[in-house]
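Written out below as structure tokens is the structure these notes cover.
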Amino acid sequence: QVQLVESGGGLVQAGGSLRLSCAASGIIFSINNMGWYRQAPGKQRELVAGSTSGGRTNYADSVKGRFTISRDNAKKTVFLQMNSLKPEDTAVYYCNADVRGPVGWLDVWGQGTQVTVSS
């Protein structure tokens, strides 16, 4: 019953910005790590940005200085602000979270949201 729902993807020109959101719902006692992954056609899924419950963050080298991950724990939501977008950022972006519910810890994934950057 625990779900993650992403929103905010779309089509933008190179140099533009997008803000992705991911909201967790269901019976949730706590959330530890949350993160954003992406997968381009023919490529491996890769970690873009991660955030711990204590506020520590990490980023892929390719997005450092351009992307920012943040979270609102009260709303059980994580965000990814993407600036100075490049065509190479085109991919399906997935939200991931470690969620504690009635049956223990779960590794939960969202359905993904498409980001397309044109030149």
Side-chain angles (χ1 to χ4, degrees):
Q1 194 64 43
V2 176
Q3 297 183 53
L4 300 177
V5 180
E6 303 103 332
S7 62
L11 173 64
V12 297
Q13 290 188 315
S17 298
L18 285 173
R19 187 180 187 235
L20 306 184
S21 299
C22 172
S25 63
I27 301 175
I28 298 170
F29 300 151
S30 62
I31 301 176
N32 191 8
N33 299 325
M34 301 189 79
W36 291 95
Y37 293 72
R38 68 185 181 188
Q39 188 166 25
K43 302 293 181 64
Q44 299 266 130
R45 186 174 296 189
E46 64 175 348
L47 176 66
V48 177
S51 175
T52 70
S53 60
R56 296 181 177 86
T57 59
N58 63 286
Y59 298 90
D61 289 340
S62 60
V63 307
K64 286 180 179 177
R66 300 189 296 121
F67 292 10
T68 303
I69 188 171
S70 61
R71 60 196 288 175
D72 184 332
N73 290 325
K75 296 181 178 179
K76 301 182 180 68
T77 302
V78 64
F79 306 93
L80 185 67
Q81 179 67 45
M82 304 186 294
N83 298 327
S84 302
L85 283 161
K86 304 175 181 179
E88 306 92 90
D89 296 318
T90 295
V92 178
Y93 284 70
Y94 297 91
C95 179
N96 175 253
D98 299 317
V99 180
R100 189 169 190 267
V103 299
W105 286 97
L106 299 172
D107 182 27
V108 186
W109 291 86
Q111 293 295 309
T113 184
Q114 177 71 47
V115 171
T116 302
V117 184
S118 64
S119 59

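Counting begins at 1 with the first residue of the sequence.
- With sequence neighbours excluded, the residues forming a side-chain hydrogen bond (donor to acceptor under 3.5 Å, both in side chains) with K64 are D61, listed by chain and number.
- In this structure, CG in L47 is found 10.0 Å from CZ in R38, a value given to the nearest 0.5 Å.
- Between I31 and M34 the shortest heavy-atom distance is CG2-CG, 3.6 Å.
- Side chains of R71 and N73: a donor on one and an acceptor on the other come within 3.5 Å.
- Scanning both residues, V78 and S70, for their nearest heavy atoms gives CG2-O, 3.2 Å.
- V12 and S17 make their closest contact through CG1-O, 4.0 Å (heavy atoms, listed as atom of the first residue, atom of the second, distance).
- Taken from CG in L20 to CZ in F67, the straight-line distance is 8.0 Å, to the nearest 0.5 Å.
- To the nearest 0.5 Å, the span separating CZ on R19 from CE on M82 amounts to 11.5 Å.
- When each of S119, P87, S118 is tested with Q13 by the rule side chain to side chain contact (heavy atoms under 4.5 Å, CB included), just one qualifies, namely S118.
- Every side-chain hydrogen bond (donor to acceptor under 3.5 Å, both in side chains) that Q114 has, sequence neighbours left out, goes to T116.
- Residues V117 and V48 are members of one and the same hydrophobic cluster, defined by side-chain heavy-atom contacts under 4.5 angstrom among Ile, Leu, Val, Met, Phe, Trp and Tyr.
- Considering OH of Y59 and CG of L80, their distance stands at 8.0 Å, rounded to 0.5 Å.
- By the 4.5 Å heavy-atom criterion applied to side chains, Y93 and E6 are not counted as neighbours.
- Between the NZ atom in K76 and the SG atom in C22 there is a gap of 13.0 Å [rounded to 0.5 Å].
- A 4.5 Å side-chain heavy-atom check between Q1 and I27 finds every atom pair outside the cut-off.
- If you chain together hydrophobic residues whose side chains sit under 4.5 Å apart, L4 and W36 fall into the same group.
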For this session: Apply the test side-chain contact (heavy atoms from CB on, under 4.5 Å) to residues F79 and T68: give CA-CA distance (whole Å), side-chain angles for both, the deciding distance (0.1 Å), then the verdict.
Result: CA-CA 8 Å; F79 306 93; T68 303; over 6 Å; no
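- Cluster annotation: L18 and V63 are assigned to the same hydrophobic cluster (Ile/Leu/Val/Met/Phe/Trp/Tyr, side-chain heavy-atom contacts under 4.5 Å, transitive).
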Scan the side chains in residues 98-113 for donor-acceptor partners under 3.5 Å anywhere in the protein, sequence neighbours excluded, and list what turns up.
{"from": "D107", "atom 1": "OD1", "to": "N96", "atom 2": "ND2", "distance (Å)": "2.8"}
{"from": "T113", "atom 1": "OG1", "to": "G9", "atom 2": "N", "distance (Å)": "3.3"}

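- Atom CD in Q3 sits 5.0 Å away from atom OG in S25 (nearest 0.5 Å).
- Hydrophobic cluster membership is shared by L85 and I69, with clusters built from Ile, Leu, Val, Met, Phe, Trp and Tyr side chains linked at under 4.5 angstrom.
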